[in-house]
Amino acid sequence: MHRWSQVFIPTLREAPADAEVASHKLLVRAGYIRQLGAGIYSFLFLGNRSTQKIMRIVREEMDKIGQEFYLPALNPREIWEASGRWSVMGENMFRLKDRKGADLCLGMTHEEIMTDIARKELRSYKQLPQIWYQIQTKFRDEPRPKSGLLRVRQFTMKDSYSFDIDAAGLDASYQKHHDVYCRIFDRCGLKYVVIDAHSGAMGGSQSQEFMVRTPAGEDLVVSCAQCGYAANLEKATSKLAPVEDLQPEGDGKPLEVHTPGQKTIEEVARFLGVSPKNKIKTLAMMISAEEPERGTTRIPTKWEPGPVSRAVVVLLRGDHQMNEVKLSTALGGKDVRPMQEEEILALFHSPAGYLGPLGVDWAKNMEEPRKPILLVDKALEERVNLIGGANKENYHVKNLTPGKTFHPTAYVDLRSVNAGEPCPNCGAALRIDTAVEIGHIFKLGYKYTHSMGATVLDRNGKEVAPIMGSYGIGIERILTAAVEQNNDENGFWLSPAIAPFEVVVVSTNSSDEKIRTAAEGIARQLEESGYDILLDDRDERPGVKFKDADLVGIPFRINIGKKVTDDTVEVVQRSTLHKEDVKISAISEYFKRLRQMPT
RNA sequence: CGGGACGUAGCGCAGCCUGGUAGCGCACUUGCUUGGGGUGCAAGGGGUCGCGAGUUCAAAUCUCGCCGUCCCGACCA
């Protein structure tokens, strides 16, 4: 049993001026954490108890499907060179030198180290599948740490890696992680959604993120309340209401119209008396055609113009917005930037405001090198008689039909979904929320086993690379997300499973002998029944103790006051502030029942 | 990396413009008081005013440089 009078719980009446989001303010005020530097936090007594409990849950569940390792956070450069990520990780990786001048880094993730063990030790398909996990400190030199514990430079991650002989095996390992993650987050008392995430350009075939909705979140989640569809904004699609196409004008061939001074979609649409939905939005972009050099320490952080850049032109429906991540993914993960004025003139021979697809020699397909790429959003596929720029100042063109009057390099989904658009599955209105990512499961494929040369013999005696998955949970983010999800102006409340204590026993008057001994007795009794108890035995006024108890995240409180003469105490549930009188003799029984309840 | 703000006691802030004894609330210590929602009274302790230069008889205050933190953007396995 812990006595408040003897432990260190530095609660604050006021939050530091730096703190903006609820979890940051409250975790500092409740004495869970203190800041050491930008994105660097110390965990004090309560904070550590809570994260330790989270880790225990993670271990219990992960042990059902895998084996716990413990890998070094200090990594030699060579291992990261082997996968090519020494340079890819760029400035996000903390780097240092040892006394001999050798390069080292602090691990941001552990695919390399795990794959190194696999390539040295795994010999036969008979040893597969393997699921290896660890709970480890990760270091990432974030460009902008923020929001308290939400985006930090040092944090604890449960990361696991699966090795399977084939794709079916990976499917099974992936599914096991999915199910175990759900159990972990359920046990932590979180409300979360599992969303489809874009798996990036690195050959990953499937990826899902576990997200907790909160206004403090940095990610955007598109979801449907009716059918449960949920996806990252970078992946989400929507069904579109049909659009009535325009009738062809004249002979149906592209027809130039004079649109003096009309540049924006809205201006042109109004000028010509049509809807923006019948207009083409033309976006001129540039990509770098070259990957950063491997095996060097040169970190290309910025767009570098030069002969390697290549034009990419995107056509969207007039009222749609482009999603840059979708575009980048469609281009194999390359960085994209808007064209400069001179580049626009060079390609279109026209100033911006009148750009369109005609008169440019587009690449016929994605494989064709060097020629400018014309990507047309899927919402324009099958559409006819659209209006776009004429590549001539003060002129637009009618009767544009993709595939007929011009030929796209490819049709790709490139637009961002808007809230309220129909769900792609069921047609109900989609919602968009900000959310925090607490877990991520990812089918890696052969990226690391190939690049690092890990192989086993299959049943035919042939050398094959195992297929991998990687899976992560942010330990502190579970705590942070829980606080974001359950708080009010007086504090927050955690699920008993992850709260530093399950019950705080408050003696309302420590100078009253009867009250004090009753509080001691109840605390001891509950502790013997297996509960984590904090006894507030401080010589403080009741108001002070109540305020503190409400602040620090403990889900239940027992007030011991004047009613002890009646053998009665008061149990308060923090989440609802519901109060109930309970006989002292019935207190253990009462909590046995409460423990099953959601908080 | 671009834009903005801030840095004075553990926390929240004033003082700076107009240079001259470093202040307030909370917290802390001691005593009394009070005892169901941050009691009241009294007496105390605690500050390299982020760091370094410069101007000046004199710098928290003016000038320059640096560092740190936060916010917006860029970025984010």
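Side-chain atoms are counted along with the backbone in the values below, which use heavy atoms only and exclude waters and symmetry mates. Numbered from 1 within each chain, the chains take letters A, B, ... in sequence-line order.
- The partner of B:U34 is absent, by the rule that a Watson-Crick or G-U pair needs both atom distances under 3.5 Å.
- With both ends at atom P, the span from B:A22 to B:C66 equals 31 Å, rounded to whole Å.
- Among the heavy atoms of the strands lying under 4.0 Å from A:Lys146 are primed sugar atoms or P, OP1, OP2 only; no base atom is included.
- A distance of 6.0 Å or more separates the ring centres of A:Phe442 and A:Tyr161.
- With hydrogens and angles ignored, a donor-acceptor pair closer than 3.5 Å exists between the side chain of A:Arg557 and the base of B:G37.
- A:His177 and A:Tyr181 have perpendicular rings, their planes meeting at more than 60° on a 0 to 90° scale where under 30° would count as parallel.
- Distances were taken from every side-chain heavy atom of A:Phe546 (C-beta onward) to each of B:G36, B:U69, B:C71; the shortest belongs to B:G36.
- Heavy atoms of A:Ser511 sit under 4.0 angstrom from at least one base atom.
- Judged by distance alone with a 3.5 Å cut-off, a donor-acceptor contact links the side chain of A:Glu570 to the base of B:G36.
- Using a 4.0 Å heavy-atom criterion, one finds that A:Glu218 contacts no nucleic acid atom at all.
- Across every strand in view, B:G2 sits in a pair with B:C72 that passes the Watson-Crick or G-U test at under 3.5 angstrom.
- Judged by distance alone, with hydrogens and angles left aside, A:Asp550 brings a side-chain donor or acceptor within reach of the base of B:G37, the pair sitting under 3.5 Å.
- Looking at heavy-atom distances under 4.0 Å, A:Pro16 makes contact with sugar-phosphate atoms alone, never a base.
- If you check every strand for non-hydrogen atoms under 4.0 Å, A:Met93 touches nothing.
- Contact annotation for A:Ser147: backbone-only contact, meaning every heavy-atom pair under 4.0 Å involves sugar-phosphate atoms and none involves a base.
- Residue-to-nucleotide proximity on RNA chain B shows that, of A:Lys547 and A:Thr109, the 5′-proximal contact is made by A:Lys547.
- With distances taken from any side-chain atom of A:Glu14 to the nucleotides B:G12, B:C26, B:U69, the minimum falls on B:G12.
- Taking the six-membered ring where the residue is Trp, the centroids of A:Trp132 and A:Phe69 are separated by under 6.0 Å.
- The nearest whole Å value for the distance from the CD atom in A:Gln35 to the C1' atom in B:C71 is 14 Å.
- The base of B:G35 sits with one of its N or O atoms less than 3.5 Å from a complementary donor or acceptor on the side chain of A:Asp539.
- The nearest pair of heavy atoms linking A:Lys326 to A:Arg415 is NZ-O, 2.8 Å.
- Taking atom C1' in both B:U61 and B:U69, one finds a spacing of 22 Å when rounded to whole Å.
- Of the nucleotides present, B:C28 is the one that pairs with B:G44 by Watson-Crick or G-U wobble criteria, both distances under 3.5 Å.
- Nearest-nucleotide positions on RNA chain B place A:Ala15 closer to the 5' end than the other of A:Glu111 and A:Ala15.
- Figure legend. B:G52 is base-paired to B:C64; pairs are counted as Watson-Crick or G-U wobble with both atom distances under 3.5 Å.
- Between A:Glu20 atom CD and B:C72 atom P the separation is 6 Å, expressed in whole Å.
- Ring pair A:Phe139/A:Phe94 is perpendicular by interplanar angle, where above 60° counts as perpendicular and below 30° as parallel.
- A:Glu513 has its CD atom 16 Å from the C1' atom of B:G35, to the nearest Å.
- Pair assignment for B:A9 gives none, since no Watson-Crick or G-U wobble pairing has each distance under 3.5 Å.
- Taking atom NZ of A:Lys25 as the reference point, atom C1' of B:G12 lies 13 Å away to the nearest angstrom.
- Ring-plane geometry between A:Tyr192 and A:Phe210 is classed as tilted, the angle between the planes lying from 30 to 60 degrees on a 0 to 90 degree scale.
- The aromatic rings of A:Phe591 and A:Phe556 stand perpendicular to each other, their planes meeting at an angle above 60°, with 30° marking the opposite boundary.
- If you take NZ of A:Lys545 and C1' of B:U39, they are 15 Å apart, rounded to a whole angstrom.
- Note on A:Gly37: only backbone sugar-phosphate atoms sit closer than 4.0 angstrom, heavy atoms only; bases stay farther off.
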